[in-house]
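What follows is a set of notes on a single structure, which appears directly below.
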Amino acid sequence: MHEERKITEDLYWIGSSDRRLTKFENCFPIPSGVSYNSYLFLDQKTVLLDTVDQSVSRVFFENLEYLLDGHKLDYVIVNHMEPDHAATLGELVLRYPEVTIVGNAKTFQLIRQYFELNLQGHLLEVKEGDTLCSGHHTFSFVMAAMVHWPEVMVTYEAMDKILFSADAFGTFGALSGNIFADEINFEAEWLDEARRYYANIVGKYGIQVQTLLNKAAGLDIEMLCPLHGPVFRVRKKIEWYIDKYSRWATYRPEDIEAVIFYSSVYGNTENAAGLLAGMMADLKVKHIKMYDVSVTDVSYLVSEAFRASHLIFASTTYNGGIFPAMETLLLDLKAHNLQNRTVAVIENGSWAPTAGKKITEMLTGMKNITVLPESITVKSSLQESQREAMQKLAEAVAKSLDEG
Ligand code: FEO
């Protein structure tokens with residue numbers, strides 16, 4: 001049964017949510033699901049903006065058929081060709097053979113790679129600044145290469161001042177009836193997932209996101225329609241969210257806070273991490289977070305590293321190197337271009353501790369990372385004689401936090 005939602009007089013949300021998928025991109029856990037948003041304008045010409053993932057295709061096509069009510073589909077604008085939005089494009093073309101696909105040269109290259117369809121005469125290629133008029137509405141196209149994939153573009157609708165932003169401003173999380181951000185408690189209940197989505201999906205491409213934000217600054221935006229998560233229609237909330245994006249894209253921390261990432265085989269490195277946290281708390285450091293990197297999925301850890309200013313890595317030595325889960329985290333942080341952080345290192349090794357040196361090498365290979373000199377080497381378990389050194393490390397982190 002169709003379950004479309006009305007957004008404006010002639011714009012509808014015709015997406016759906018998946019709560020069964022355990023890992024987005026077969027990679028990132030999504031315990032609260034994910035939505036796939038598609039939007040339809042019923043104007044003199046009918047215009048669809050993106051399709052949906054295969055998993056929700058049934059209701060998508062029911063929504064589309066119901067709203068078109070026998071009218072033809074004139075255009076589908078493909079802002080992003082990744083299959084979570086374009087898997088149903090092939091079936092769309094078969095169901096609506098008169099449709100014209102609107103995209104850029106790279107979009108069409110990817111369409112040909114994913115679908116063997118004869119699209120001759122059905123492609124409308126657009127470039128930066130080109131426009132398309134559907135009657136009352138005029139769409140202009142803004143290229144956003146690598147705001148996840150190379151073909152990505154965003155579409156601005158001038159009459160209602162809507163930015164269809166592709167993956168940008170998207171978030172993990174299924175939609176539950178309320179499709180607008182002002183109908184849910186976005187800051188308290190969704191921001192962590194929005195940050196985790198950003199850091200893991202788009203975080204690597206900060207420079208490209210900054211380019212898009214600069215282009216968006218020249219647009220008068222009253223509504224943000226991303227491909228995942230809620231629609232933003234309150235200007236203050238849009239500005240707040242753009243500010244978050246600006247911070248993430250420039251790799252500036254949101255919070256001057258400390259996060260301790262530790263790996264521990266028999267609990268001794270965990271003990272060292274816990275002692276440090278307690279000493280920092282005694283020094284009035286607030287909101288300290290600790291994560292066992294073997295327990296918490298790395299996507300949450302990457303997100304926390306994007307949020308906090310001070311990161312402490314405490315790792316066991318394993319196979320003559322860094323403990324595997326810790327190494328995965330560090331490789332992920334490097335892959336996502338994390339920058340501008342203050343870090344400290346604790347290592348453990350019963351006979352040849354090497355993790356600390358290797359962690360420091362990995363961190364210093366990243367941009368603008370300050371490594372505090374007060375590192376600790378644990379040999380099997382922390383000794384009473386090392387309490388003073390740990391206190392010095394706690395004081396160094398606390399001082400650095402105070403300095404912002
Ligand atoms: Fe939601 Fe890059 O696809």
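Both ligands and their constituent atoms are indexed starting at 1 by order of listing. Bear in mind the structure is a predicted one, so any value in this text is a computation, not a measurement.
- Under a 4.0 Å N-O distance rule, the pair E395/K399 does not qualify as a salt bridge.
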For E4 and Y12, what are the C-alpha separation, side-chain angles and deciding distance, and is it a side-chain hydrogen bond (donor to acceptor under 3.5 Å, both in side chains)? CA-CA 7 Å; E4 74 290 341; Y12 294 82; over 6 Å; no
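- Applying the side chain to side chain contact (heavy atoms under 4.5 Å, CB included) criterion to P230, with sequence neighbours excluded, gives T171, L175, A181, I184, F186, W190, F232.
- A salt bridge links E193 with R196: the closest approach of a Lys/Arg side-chain nitrogen to an acidic carboxylate oxygen falls below 4.0 angstrom.
- Here R233 pairs with E183 in a salt bridge; the nearest charged N to carboxylate O distance falls below 4.0 Å.
- Listing protein N, O or S atoms at distances below 2.8 Å from atom 1 (Fe) of ligand 1, with waters left out, gives D84 OD2, H85 NE2, D167 OD1, H228 NE2.
- A salt bridge does not link E257 to K286: none of the charged side-chain nitrogens sits closer than 4.0 Å to a carboxylate oxygen.
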